[in-house]
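Structure record follows, encoded as structure tokens.
Throughout, protein chains are lettered first and strands after them, A, B, ... in sequence-line order, and every chain is numbered starting at 1.
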4 protein chains.
Amino acid sequence: MPGTEPLDLQSIVDDIYRELTPRLGEGKVADYIPQLARVDPTRFGMAVVTVDGSVYRAGDAEMPFSIQSISKVFTLTLALGKHGENIWTRVGREPSGSAFNSIVQLEHEHGIPRNPFINAGAIAITDLVLAGHTPREAIGEIVRFVRYLADEEDIVIDAEVARSEAATGYRNFALANFMRSFGKLDHPVEHVLGVYFHQCALAMSCVQLAKAGLFLAASGSNPLTRHSVVSRQRARRINALMLTCGHYDGSGDFAYRVGLPGKSGVGGGILVAAPGKASVAVWSPGLNHNGNSLLGSLALEMLASRTGWSVFGG
Amino acid sequence: MPGTEPLDLQSIVDDIYRELTPRLGEGKVADYIPQLARVDPTRFGMAVVTVDGSVYRAGDAEMPFSIQSISKVFTLTLALGKHGENIWTRVGREPSGSAFNSIVQLEHEHGIPRNPFINAGAIAITDLVLAGHTPREAIGEIVRFVRYLADEEDIVIDAEVARSEAATGYRNFALANFMRSFGKLDHPVEHVLGVYFHQCALAMSCVQLAKAGLFLAASGSNPLTRHSVVSRQRARRINALMLTCGHYDGSGDFAYRVGLPGKSGVGGGILVAAPGKASVAVWSPGLNHNGNSLLGSLALEMLASRTGWSVFGG
Amino acid sequence: MPGTEPLDLQSIVDDIYRELTPRLGEGKVADYIPQLARVDPTRFGMAVVTVDGSVYRAGDAEMPFSIQSISKVFTLTLALGKHGENIWTRVGREPSGSAFNSIVQLEHEHGIPRNPFINAGAIAITDLVLAGHTPREAIGEIVRFVRYLADEEDIVIDAEVARSEAATGYRNFALANFMRSFGKLDHPVEHVLGVYFHQCALAMSCVQLAKAGLFLAASGSNPLTRHSVVSRQRARRINALMLTCGHYDGSGDFAYRVGLPGKSGVGGGILVAAPGKASVAVWSPGLNHNGNSLLGSLALEMLASRTGWSVFGG
Amino acid sequence: MPGTEPLDLQSIVDDIYRELTPRLGEGKVADYIPQLARVDPTRFGMAVVTVDGSVYRAGDAEMPFSIQSISKVFTLTLALGKHGENIWTRVGREPSGSAFNSIVQLEHEHGIPRNPFINAGAIAITDLVLAGHTPREAIGEIVRFVRYLADEEDIVIDAEVARSEAATGYRNFALANFMRSFGKLDHPVEHVLGVYFHQCALAMSCVQLAKAGLFLAASGSNPLTRHSVVSRQRARRINALMLTCGHYDGSGDFAYRVGLPGKSGVGGGILVAAPGKASVAVWSPGLNHNGNSLLGSLALEMLASRTGWSVFGG
């Protein structure tokens with residue numbers, strides 16, 4: 001029974017990795033830029049960092065990968081710090097009911113994206129992070145913030161990935177121009193997307209990512225560094241957004257199967273918070289039809305089931 | 001600080017009631033049938049039933065009202081009991097991103113409603129509850145199930161409300177015929193809607209409702225009756241669905257502000273589960289623009305804030 | 001060169017029939033009711049009735065078939081006669097940009113169908129034809145009107161087709177209930193659809209159909225009977241509606257390729273007006289992906305090309 | 001009765017101008033760029049050029065205005081000349097059922113615009129006109145083609161309008177990037193839109209415009225210059241597209257009321273072809289809710305009614 005005796009987390013993550021090994025390579029690797037398509041599809045990493053500071057690893061847990069949309073959690077946290085609840089005049093907080101890069105909803109709702117975790121919403125958030133900054137400064141601020149969260153100074157942006165996204169990101173240019181046509185971006189499209197493509201190109205390992213997200217599992221403070229990142233209430237609210245909106249049009253399914261707040265990226269990573277317990281990151285490049293890591297989601301479902309971690313009841 | 005000392009729940013609910021009293025009557029009472037429009041808009045009830053069996057009341061907590069869509073939680077539980085996870089071939093589990101009675105999504109997804117808590121999805125669930133039954137039997141089963149959950153024998157259906165909904169429920173007839181046109185209902189439209197209109201017409205008080213939902217806060221078992229209703233995992237999953245889909249196109253906002261799984265009805269009621277803590281029901285007839293109780297949502301936000309109850313972290 | 005010497009219309013229709021004979025059976029026969037699915041897919045009929053009263057036939061030009069949506073031209077003409085331009089408060093006159101039975105647009109436009117030739121719009125028109133009548137009387141009026149137009153007393157409704165449509169017409173029940181939910185139908189859904197299913201079940205031959213539509217090619221009067229049916233202006237306007245909306249989401253393509261106003265039905269018939277020249281009806285049961293007769297459209301394109309008939313210039 | 005005696009066209013256009021004079025200034029002038037907003041809203045011009053070469057003028061018929069989307073007719077004609085019917089792999093020919101600059105449909109149809117007369121479709125056409133050219137060359141070709149059509153050497157592009165559109169055309173950048181994301185543009189977005197903004201900035205008077213469109217009323221040849229522009233069939237087909245798609249989501253209404261193929265622009269101009277009779281241009285800056293000239297549409301309805309000109313029957 002969950003909770004009644006100490007969990008052997010290392011055994012649990014080892015078991016999950018071993019059980020999934022025969023399936024490595026399943027799913028479809030994102031291929032819209034060559035840098036993502038080149039990744040070895042059989043990579044798999046998992047890291048669990050508990051609120052008391054223990055770290056459990058499996059597979060390629062120390063290998064950096066492109067965090068892509070997981071960065072939206074960090075820029076949202078930054079924007080909330082800068083602008084507080086005023087950000088909700090520029091972006092909603094409802095699940096989208098459609099694909100991550102849909103433009104349809106934007107038209108119906110006059111340039112206000114449904115939530116900060118779809119592309120349009122994250123672009124609106126990046127526009128807010130840019131306030132008072134040059135693009136270069138904003139990129140610097142984002143990198144420093146992630147390093148501070150993870151307490152890891154060697155986290156960097158993969159410049160080649162950022163360049164490649166800029167060269168082919170027509171859909172994001174369409175979204176940003178569309179929002180600009182409704183007067184919903186303050187900065188030039190090129191500046192906003194310049195920052196956005198760089199944040200998506202952050203390269204982090206599972207261990208780094210789990211550490212960076214630990215404040216969400218620990219009421220807003222990072223127990224490793226004793227830094228207070230956000231208030232208790234704000235940590236809850238970011239978790240609420242991850243739970244309802246963190247997996248594009250698979251958010252309901254993830255909540256049903258895993259029962260924990262999380263955010264996925266097309267690089268195959270997922271960051272999850274088990275409040276009061278641990279921060280978890282997985283990485284497996286093959287995606288399901290909603291654009292979320294196929295084996296990553298499965299690994300998290302196994303972890304939640306075996307640990308009893310769920311926000312929905314003991 | 002939440003959790004560090006015993007909560008005085010009676011004072012908390014009394015305070016909430018007193019603080020909201022000047023605002024009673026705000027919002028727009030549902031008026032699509034005369035029986036709902038006739039309700040006194042200044043009614044307000046609240047009941048908290050903790051997992052150890054204590055009951056706290058404020059206002060009109062013992063006055064029955066039309067639970068309407070809150071009934072969808074009970075029929076979903078029944079359908080899961082009958083058909084298990086097979087129900088997901090007939091209904092999805094993703095937030096809808098649109099109004100409670102939208103038909104647009106049904107066309108795009110070929111007659112499969114997005115989740116069991118929008119009208120189309122609840123009609124699909126009722127169709128499953130009907131399996132092997134006449135409409136009269138199915139209605140009887142639903143009433144008996146709710147009485148069993150609440151341990152209250154005097155819960156009844158308001159027949160006049162049911163008749164009135166049947167006489168004017170053109171939108172629901174449209175939804176049901178539309179699903180039938182895709183072959184996604186097994187029973188005649190008239191049978192399915194006959195049952196559906198009756199389940200929506202269940203009249204319950206806040207206390208009755210909070211008791212009936214207590215199993216969701218208590219890992220699947222009702223601590224008052226010691227009845228096991230569903231498994232621990234199923235209780236979690238129903239909570240997950242309530243959190244992501246329980247408030248129509250205001251589900252994300254409710255999760256953000258309140259942080260607890262809940263289900264609203266156009267009668268002005270909301271049922272909420274605080275896992276491990278309590279089951280809560282509120283009633284205030286005035287609705288916000290998403291069709292959820294305006295003051296009821298606010299009362300729950302106040303309760304969550306003052307108790308520290310949240311699924312998203314301590 | 002078109003127009004410079006008398007056309008040998010009999011040779012032209014004979015040639016078209018002969019050239020299409022190898023392809024008879026192409027396309028997909030409508031199968032949503034057994035009575036339509038049972039039709040021989042290799043049937044082909046064509047009739048041209050010129051404004052001076054000559055009749056040219058090919059193939060099964062005298063064999064009755066289910067005219068289905070072509071009836072919408074006749075009920076529109078009746079409704080305009082009864083209510084004049086007031087009908088445009090209940091139905092628009094813009095192309096729909098979507099399928100013949102789409103419900104999406106109805107939601108966006110609050111129960112006002114885009115035009116009288118999609119199902120929802122035709123149902124709204126039938127509701128107007130019902131004004132002051134029982135369903136039985138309205139059906140009688142429609143049949144008498146079509147007989148009067150064609151000057152043929154033996155045109156009848158296929159009662160079995162009407163019954164079958166009523167038993168399976170869930171999509172139309174959905175559309176009608178949806179409009180009723182917006183208060184956009186005056187009569188009970190069952191009455192309106194009772195009439196609608198009967199009008200669609202009219203059985204007519206190509207010759208009868210071409211005669212019935214002759215007033216549209218002849219400035220509003222039937223040169224065979226010398227009856228004045230509608231004003232010159234109204235004939236033009238009905239032609240305009242057929243040109244922009246007569247072929248569901250293939251209306252633009254039909255205008256481009258054929259260049260004449262027409263209305264198709266899922267029974268495989270198409271009625272076309274060549275103003276000042278002739279009324280034309282074709283019948284071939286196999287449909288294209290837009291639900292219009294595949295070979296029927298092709299036959300009309302051949303006819304228009306060989307006669308030089310086009311509303312868009314000599 | 002129309003057609004039985006010679007029309008006094010000068011009296012007709014004079015009467016229309018006089019009768020509309022009290023209403024000059026009605027409608028809403030396009031204001032998305034300052035250059036359009038600055039126009040005097042009470043301007044009104046009208047020109048009728050008959051197929052035998054007579055020119056009738058009223059009001060500001062010789063004053064140049066920004067033809068905007070009317071240019072789409074000329075680039076479509078150019079693209080058909082270069083690529084023939086192959087253009088239909090890049091753009092459809094169905095009415096859109098939505099606003100002139102909607103992006104929703106593009107997503108549903110994977111980057112293929114519905115027709116060449118909505119913005120997205122015109123951008124696709126401009127991409128085809130660019131084939132083998134630099135943007136500068138393509139702009140030159142378009143200007144030369146329009147001069148050739150109108151036989152007027154002093155037609156020019158208003159460079160300030162073009163620059164201003166480029167600086168604020170976020171919606172068009174969104175549309176073009178969106179199409180590019182589906183691989184449906186061959187040239188860089190900046191090149192395509194550079195040409196597009198210039199073609200829209202062509203400044204022409206009603207007389208010049210009517211002359212330039214005369215080939216559409218005269219079976220493809222310009223009777224003034226005796227130049228053959230397109231084949232008889234192609235002239236018909238362009239007319240068909242104008243009739244079904246020429247007025248955005250008001251195309252059906254224009255066909256119903258006016259009964260002639262036409263194309264409008266947000267500068268307040270409308271070009272119309274009365275096949276076999278005349279080419280007509282009107283200009284009145286105030287727009288209706290569909291973005292078409294309010295008084296311009298009305299003037300054409302009056303003209304059609306008084307001349308009896310209609311493609312839908314004598």
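For C:Phe254, the ring pair (Phe, Tyr, Trp, His ring centres under 6.0 Å) partners at least two apart in sequence or on another chain are C:His247. Residues passing the ring pair (Phe, Tyr, Trp, His ring centres under 6.0 Å) test with C:Phe74: none are found, sequence neighbours excluded.
In plain terms, the two heavy atoms of C:Ala174 and B:Phe178 that are nearest each other are CB-N, 3.6 Å.
For the set C:Val189, C:Asn177, C:Thr168, the entry with the most heavy-atom pairs within less than 4.5 Å of chain B is C:Asn177.
Within the 4.5 angstrom heavy-atom criterion, only side-chain atoms of B:Phe182, from C-beta onward, approach chain C.
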